[in-house]
Enquirer: 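Right, I'll just put the structure down here and ask away after.
To find a chain, count down the sequence lines: A is the first, B the second, and so on, and within it residues start at 1.
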2 protein chains.
Amino acid sequence: MSFRLTILGSSSAKPAFGRFTTSQYLDTESEAFLIDAGEGLQIQLNKYRLKPNRISHIFISHLHGDHILGLPGFLTSLNLNSRTKALKVFSPPGLKNWFNSYLSISESALLYPIEFIELNEDKDKGFKIYSSDQIEVTAFPVIHRVSTFGFRFDQKKDDFNIDPKAITKYSLTIDEIKSIKSGMDLIREGKRISFEELVLPKKKNVSYAFCTDSVYSLDYIDAVKGVDLLYHEATYLKDLELQAKERMHCTAQQAGIIAKKANVKKLIIGHYSCRYRDLAPLLSEVREEFESSFLAMEGEEHIIKSI
Amino acid sequence: MSFRLTILGSSSAKPAFGRFTTSQYLDTESEAFLIDAGEGLQIQLNKYRLKPNRISHIFISHLHGDHILGLPGFLTSLNLNSRTKALKVFSPPGLKNWFNSYLSISESALLYPIEFIELNEDKDKGFKIYSSDQIEVTAFPVIHRVSTFGFRFDQKKDDFNIDPKAITKYSLTIDEIKSIKSGMDLIREGKRISFEELVLPKKKNVSYAFCTDSVYSLDYIDAVKGVDLLYHEATYLKDLELQAKERMHCTAQQAGIIAKKANVKKLIIGHYSCRYRDLAPLLSEVREEFESSFLAMEGEEHIIKSI
């Protein structure tokens, strides 16, 4: 399995220098997820030829405008595209009422089923919000001026795959294969053959975590621990650390420290303040803390493969 | 005086082929107006280097998503730009409540004064909604699935300008100049000198009218009569005239007929259906009816000068 993450917007607060506000498209092979919904996200999906109709779930971190204002247009356009497939939207409370007030003034309705699921901020640890055969999504609180959540996407552990050579060697029956896949040993002529000799080495499961907006905190390190890819906001350079704290955002340095402490494989920073036309200083700063860091850039794809 | 109109979006219903949904920036020299507010309008304002803070009034034709979804982001960004100047928004009823519900869920507030003015659909003729020293704006109902208005922008008639030669020749006093400017003759040594001999020829006042979305109708011909520039929706080609009628839109041919009947100088068509990648057939069709027709294109500026 692989995750393909496409950055649709990297700007904080408002669009600037051709950068859009926060939105991401995560394709997990089995289905796609939309993470945050900044204004113009449907324009970006068109531009990068991503498929809106593959999106099964939307995860909204918080209800500030730069993370939600693209949602009504996106949901309306799915309607115009004759979507029939159900859609679920996870967010802090309030989104459904606002969206319904839009449907009301525009005298319109959606023709596909939509469900808004509210995330409760009283949970202080990660909690599972979605699980399919292949994917598990966890929400966890981060710390901002309004109720805000990060999200972690994990490929589920597969069953073991039988080594084709073992099938031939032992003429395995279907029942035996099922039993070995679930981790049971094989008994042949009174002799026990360990299941580990019969299966292929398990591939590593892929994982991605998304954290925006938050003041610097170690409270959610556990929630993002060890992921293959972490997206973390880095609104400011460290010379504005005080301002970052007041406005409940992070510096590039702080994002790097979090990545290091959480022992992630790769970090992408984004949610850049509109004061920065040139992003190179943010990249230099974060790489001082965490070498495997990259800048979120509109249209760029980050692929994580299970190996 | 001149009007400079910049097209920010020309697509109907949803963004397509790099085209944004409806929005226009009209700079009248004394102030700027925003007409409709499709998603991404603030991205377009940035791109074409137009000044958001010059906008004093916003005119919203109707409350369908493709005409309003850029409004919350635009109003919020004015706040981030430290705007203090008051802003007025004209629209059919409902916009204020929807915008306030956004402020409520995002736990934010505007720091500049904003006033929402509701247009009543029970008026069947044009009615003045704004007047300054230099500009007059009229709203008039057009015919769509929801309450919808067109807008006409007229430069006000100037006072006469005194011919500098007359000032020297007759050694005019300030009181005499004031009197001549208002159209009074000059009396010198018992002789009447007609004011027309003392003033410069009056320049023609500029005018612009905006009509979207509407089914084909002659009801608003009077309201747009004789304007220098008319923007009119032309969602479909004439082979889809029946569909246009059902969905309460116009064909390019019908937009051309309206321009001809209203005796306008120049027509721009827009609000193209997403089915048309190539717009050339729409242009050919409208020009069969009205030669001086042009396609609305993102970023293109149309200048009307008083001559």
Enquirer: Of all residues at least two apart in sequence or in a different chain, which pass the ring-ring contact (aromatic ring centres under 6.0 Å, His included) check with A/Phe74?
Expert: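 Result, ring-ring contact (aromatic ring centres under 6.0 Å, His included) vs A/Phe74: none returned.
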Enquirer: What part of A/Leu41 lies closer than 4.5 angstrom to a heavy atom of chain B: side chain, backbone, both or neither?
Expert: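 Answer is backbone: N, CA, C or O of A/Leu41 sit under 4.5 Å from chain B.
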Enquirer: Given a strict heavy-atom distance threshold of 4.5 Å, which part of B/Ile68 is in contact with chain A: side chain, backbone, both, or neither?
Expert: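 Side chain only.
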Enquirer: Looking at A/Leu69 and B/Pro72, what are the two nearest heavy atoms and their distance?
Expert: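 Nearest heavy atoms, A/Leu69 then B/Pro72: CD2-CB, 3.7 Å.
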Enquirer: Quick one: of B/Gly65, B/Ala16, B/Pro15, B/Gly38, who has the most non-hydrogen atom pairs under 4.5 Å with chain A?
Expert: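 Of B/Gly65, B/Ala16, B/Pro15, B/Gly38, B/Pro15 has the most heavy-atom pairs under 4.5 Å with chain A.
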Enquirer: Sequence neighbours excluded, which residues qualify as side-chain contact (heavy atoms from CB on, under 4.5 Å) partners of B/Leu26?
Expert: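 Testing B/Leu26 for side-chain contact (heavy atoms from CB on, under 4.5 Å), a comparison that skips the adjacent residues, returns B/Phe3, B/Leu5, B/Thr28, B/Phe33, B/Ile35, B/Phe153, B/Tyr208.
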Enquirer: Between chain A and chain B, going by a 3.5 Å limit, which atoms form donor-acceptor pairs, if any?
Expert:
residue	atom	partner	partner atom	Å
A/Lys14	NZ	B/Asn81	OD1	2.3
A/Pro15	O	B/Asn46	ND2	3.2
A/Glu39	OE1	B/Gln42	NE2	2.8
A/Glu39	OE2	B/Gly40	N	2.6
A/Gly40	N	B/Glu39	OE2	2.6
A/Gln42	NE2	B/Glu39	OE1	2.8
A/Asn46	ND2	B/Pro15	O	3.2
A/Asn81	OD1	B/Lys14	NZ	2.3
A/Ser101	OG	B/Ser101	OG	3.4

Enquirer: Could you list the residues that satisfy ring-ring contact (aromatic ring centres under 6.0 Å, His included) with B/Phe294, not counting sequence neighbours?
Expert: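 Result, ring-ring contact (aromatic ring centres under 6.0 Å, His included) vs B/Phe294: none returned.
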